Undergrad: 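Below you'll find the structure I mean.
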Protein chains: 2
Amino acid sequence: MAAQTPRQQDAASHRTPPVHTAPQEVALETALLALADPVRQTLVRELAGAADWERSCGSFDVPVTKATLSRHFSVLREAGLLEQRDAGAKRLNRLRKPEFDARFPGLLDLVLGHAAP
Amino acid sequence: MAAQTPRQQDAASHRTPPVHTAPQEVALETALLALADPVRQTLVRELAGAADWERSCGSFDVPVTKATLSRHFSVLREAGLLEQRDAGAKRLNRLRKPEFDARFPGLLDLVLGHAAP
DNA sequence: CAGAGTGTTCGATGATCTGCGTACACTCTG
DNA sequence: CAGAGTGTACGCAGATCATCGAACACTCTG
């Protein structure tokens, strides 16, 4: 009964999990700076158009290298906008919309409403 | 009837008037970057607490020199947040709240609501 | 185990931003 | 007109940021 194949995350993960920041502890300045970058705006918009844990880090269409992309994800985590979870070799993402909306009402919807040029 | 003393602005002003940008033409990124700076947040909050054309540029309590302050006003004008008008030797300010709110609903109130640390 | 796939970390680089001091322009007042 | 008051323009320094290439770590598959 305990020898099930570990399908998803954890089990015996030897990877350091991503560092998260709760939206309640995020300063307004941090949130504004995170959402001001055009690449991060694209990431947020694509995340909003997908289901939770649907998108892996490499599945986003942005014109930057994976090193830069990794950095952007780090900024979004620190801003309380992104939650990540390891699933096998991939790292899945979730937009923390409810929590972030509770902290900064209307801000995320403003970014989602304005289409990218 | 035409020889009234010119009390306020213009008349025969030999000064180049400030350059403004209409909030309708401001990009979201520009607005977010303008509001992300702590000094500019203070300026916006103090302006919101005063009547239109009540405050001159030098009347704000921010820990920067007047050269830096002038630069911040320029950024706020480009973001569609500030309107300025010359009145004698002074330059008076007005927060463009209605216009800015129409362009980015809720954004300005978010900044005004979060008190400075 | 070897290899492909995924993602992070580490410098280095170039751009941008904030801040300052100085010099300058304009306005009003004595 | 001389001077004080107000604000801008022009560099210049320091900090921060976005970006990249290369190296590394972990996971799954053949």
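Each chain gets a letter, A, B and so on, in the order the sequences are listed, and its residues count up from 1. These numbers were taken from a predicted model, which means no experiment stands behind them.
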Undergrad: Under 4.0 Å between a side-chain N/O of A:S13 and OP1 or OP2 of D:dC26, yes or no?
TA: no

Undergrad: Quick one: does any side-chain atom of A:T42 pair with a main-chain N or O of A:P38 as donor and acceptor, under 3.5 Å?
TA: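 Side chain of A:T42 to backbone of A:P38: a pair is present.
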
Undergrad: Determine whether a donor-acceptor pair (N or O, by modelled atom type, separation under 3.5 Å) exists between the side chain of A:Q41 and the backbone of A:L35.
TA: yes

Undergrad: Is there a Watson-Crick or G-U wobble partner for C:dG11 with both distances under 3.5 Å, and if so, which one is it?
TA: D:dC20

Undergrad: Is the number of heavy atoms from other residues, nucleotides or ligands under 6.0 Å of A:K97 NZ greater than 12?
TA: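 Atom NZ in A:K97 is packed in, count exceeds 12.
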
Undergrad: Taking the side chain from A:R55 and the backbone from A:A50, do they hold a donor-acceptor pair closer than 3.5 Å?
TA: no

Undergrad: Please state how far atom CZ in A:F73 lies from atom C1' in C:dT8, giving the value in whole angstrom units.
TA: 12 Å

Undergrad: Suppose we define a pair by two distances each less than 3.5 Å, Watson-Crick or G-U wobble; what does C:dG3 pair with here?
TA: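 D:dC28 is the nucleotide pairing with C:dG3.
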
Undergrad: Consider the side chain of A:T65, meaning its heavy atoms from C-beta on, and name the nucleotide among D:dG21, C:dT27, D:dT27 that approaches it most closely.
TA: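 The nucleotide sitting nearest to the side chain is D:dG21.
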
Undergrad: C:dT16 P sits how many Å from B:L32 CG, rounded?
TA: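 For the pair B:L32 CG and C:dT16 P, the rounded distance is 19 Å.
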
Undergrad: When we call it a touch if two heavy atoms are under 4.0 Å apart, what does A:K66 touch: a base, just sugar-phosphate, or nothing?
TA: base

Undergrad: Check every atom of D:dA18, C:dG19, D:dA23 against the side chain of A:D37 and return the nucleotide holding the closest atom.
TA: D:dA18

Undergrad: Of the listed nucleotides (C:dG7, D:dA9, D:dG7), which one gets closest to any side-chain atom of B:A67?
TA: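 Among the listed nucleotides, the one closest to the side chain of B:A67 is D:dA9.
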
Undergrad: Can you tell me if B:R40 touches the phosphate of C:dT18, counting only side-chain N or O atoms and a distance under 4.0 Å to OP1 or OP2?
TA: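 So the side chain of B:R40 is within the cut-off, an N or O lying under 4.0 Å from OP1 or OP2 of C:dT18.
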
Undergrad: Check every atom of D:dT27, C:dG7, D:dT8 against the side chain of B:R91 and return the nucleotide holding the closest atom.
TA: D:dT8

Undergrad: Between B:H72 and B:R15, just flag the one whose closest nucleotide in DNA chain C comes earlier from the 5' side.
TA: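 The residue whose closest nucleotide sits nearer the 5' end is B:H72.
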
Undergrad: In this structure, how many angstroms lie between the C1' atom of D:dT16 and the CD atom of A:E29, rounded?
TA: 12 Å

Undergrad: Touch check for B:S74, heavy atoms < 4.0 angstrom, all strands: base, sugar-phosphate only, or nothing?
TA: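 If one applies the 4.0 Å heavy-atom cut-off, B:S74 turns out to touch nothing in the nucleic acid.
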
Undergrad: Closest to the B:S70 side chain: D:dT19, D:dT8, C:dT6?
TA: D:dT8

Undergrad: Provide, to the nearest angstrom, the distance between the CG atom belonging to A:L33 and the C1' atom belonging to D:dA18.
TA: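 Rounded to the whole Å, the gap is 13 Å.
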
Undergrad: Roughly how many Å is it from NE2 in A:H14 to P in C:dT8, rounded to a whole number?
TA: 19 Å

Undergrad: Do A:E99 and A:R94 sit within salt-bridge range, that is, some charged N less than 4.0 Å from a carboxylate O?
TA: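 Result for this pair is yes, salt bridge flagged.
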
Undergrad: Answer yes or no: does a side-chain N or O of B:R71 lie under 4.0 Å from OP1 or OP2 of D:dC10?
TA: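 Checking B:R71 against D:dC10: no side-chain N or O falls below 4.0 Å of OP1 or OP2.
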
Undergrad: Can you tell me how far P of D:dC26 sits from CZ of A:R85, to the nearest Å?
TA: 21 Å

Undergrad: From CD of A:Q84 over to P of C:dG7, roughly how many Å is that when rounded to an integer?
TA: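 Whole-Å distance recorded here is 9 Å.
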
Undergrad: Using modelled atom types and a 3.5 Å cut-off, is there a donor and acceptor pairing between side-chain atoms of A:R40 and backbone atoms of A:H72?
TA: no

Undergrad: Please tell me if A:T68 has a side-chain N or O lying less than 4.0 Å from either OP1 or OP2 of D:dC20.
TA: yes

Undergrad: In whole Å, what is the span from the CG atom of B:D86 to the P atom of C:dT27?
TA: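 To the nearest whole Å, that distance equals 8 Å.
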
